[in-house]
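Starting from 1, each residue takes its place in the sequence as its number.
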Amino acid sequence: HRDLHSFPTRRSSDLEEPIDGLPPAQRHGLRVATGRAELGEAPPEPLAISAGFLGVLRLMAERGPVVVAVDDFPWLDPASADALAFAARRLAGYRVRFLFSRRRGRAPALERAFEPGAVERIEVDGLSFGAIGHLLRGKLGRSLPRRVLREVFDTFGGNPLFALELGRALGERDVPDIGRPLPVPELLAELFEGRLAAASPGVRRVLLAISLNAGLTRAEVEAVADPWAPEDAVAAELVVLDGRRVRAAHPLFAATASKRASAG
């Protein structure tokens, strides 16, 4: 952290000079890849883009330390991941470091491109129940009833961004009665609706069933959807099989499915 704190922030315009120092094919490929030039008659070769990216990092590292930061790493497109892996394998001795954020699970191919001893993993847990309450009081200037705060915490597992968005939504309306669902803020609805829109109708039906009755067994879900729908929902990481029970991988998947559904 002490090293990162003093790094200058590179603006988009700061890349122009190192890009200008690349060989023509690499310069053109990287300009196209970053939207600085038109595609032309033929797309640039992936190798030219990767080599150009590596060249830019080396040129920038000659002037000072460089950090390549990628947030939400699992959403990175394959072509960009390939270019990053190409560069990562060829930067030994240069003052370039990589900072990725991702969910727990198997390390992606890019992460495996580094020497095992060169990777430091820091597990970031969610905030505690008390910390979420403190966050909402400090940011919103109000305290939620304990039962509502507990439901906010249980819904988001200590995720501060989601808890704060829900807290703001609650601040704009009356606190829901006992047994009534919490409102889904528009920002979060957009995040979760994108996942649901890509799912099949059978998977969405599974989530809707779960949202209406959280205690359904797999056999009951299959009866209202189809025999393959629970497996498809698990494969899409929208549903978890917990013994004989079926539950949403995140409560907001079920809540969003209910919000999207018509009365019929």
Side-chain angles (χ1 to χ4, degrees), residues 1 4-5 69-76 99-108 120-199 203-204 206-216 233-234 236-242 245-261:
H1 180 269
L4 295 176
H5 184 70
V70 181
D71 197 10
D72 288 322
F73 184 81
W75 294 355
L76 189 67
L99 178 64
F100 305 138
S101 71
R102 65 175 178 85
R103 292 181 179 274
R104 292 184 178 93
R106 185 172 183 268
E120 180 181 2
R121 294 180 177 84
I122 302 173
E123 295 282 342
V124 181
D125 293 323
L127 298 182
S128 66
F129 175 73
I132 288 291
H134 180 77
L135 172 71
L136 295 181
R137 287 192 300 272
K139 292 289 187 180
L140 305 179
R142 59 171 294 191
S143 296
L144 297 175
R146 185 175 180 83
R147 65 169 180 84
V148 177
L149 182 59
R150 170 57 66 180
E151 192 169 355
V152 170
F153 177 76
D154 291 342
T155 298
F156 298 115
N159 184 304
L161 172 64
F162 288 2
L164 191 57
E165 286 299 322
L166 183 51
R168 289 196 176 102
L170 289 169
E172 296 171 356
R173 64 197 75 184
D174 294 333
V175 173
D177 296 331
I178 295 175
R180 299 289 298 173
L182 296 175
V184 180
E186 288 303 316
L187 171 64
L188 303 186
E190 291 176 6
L191 294 175
F192 286 89
E193 283 179 355
R195 292 285 303 278
L196 263 63
V203 169
R204 292 198 296 269
V206 168
L207 283 166
L208 177 58
I210 294 171
S211 74
L212 299 175
N213 188 334
L216 293 179
V234 171
E237 298 183 343
L238 297 172
V239 160
V240 174
L241 299 179
D242 189 3
R245 301 288 177 182
V246 182
R247 61 179 176 84
H250 192 287
L252 273 187
F253 285 137
T256 305
S258 179
K259 181 181 178 180
R260 286 170 52 96

>> Tell me if a side-chain donor or acceptor on Arg204 pairs with a main-chain N or O of Ala257 at a distance below 3.5 Å.
In response: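 Looks like no, no N/O pair under 3.5 Å.
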With rounding to the nearest 0.5 Å, note down the distance linking [atom1] in [X] to [atom2] in [Y].
X      : Y      : atom1 : atom2 : value
Leu140 : Leu135 : CG    : CG    : 7.5 Å
Arg146 : Phe153 : CZ    : CZ    : 11.0 Å
Asp125 : Asn159 : CG    : CG    : 12.0 Å

>> Within the 4.5 Å heavy-atom criterion, are Val234 and Val240 side-chain neighbours or not?
In response: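 Val234 vs Val240: side chains apart.
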> Do Phe129 and Leu149 touch side chain to side chain, with heavy atoms closer than 4.5 Å?
Replying inline: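 With C-beta onward as the side chain, the pair touches.
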Ignoring hydrogens, what is the shortest heavy-atom contact between [X] and [Y]? Give both atom names and the distance.
X      : Y      : answer
Ser258 : Leu208 : CA-CD1, 3.8 Å
Leu207 : Ala248 : CD2-CB, 4.1 Å
Ile132 : Ala163 : CD1-CB, 3.9 Å
Arg247 : Ile210 : C-CD1, 4.0 Å

>> Under the criterion side chain to side chain contact (heavy atoms under 4.5 Å, CB included), I'd like the reasoning laid out for Leu216 against Val246: C-alpha separation, chi angles, the key distance, then a yes or no.
In response: CA-CA 6 Å; Leu216 293 179; Val246 182; 5.6 Å; no
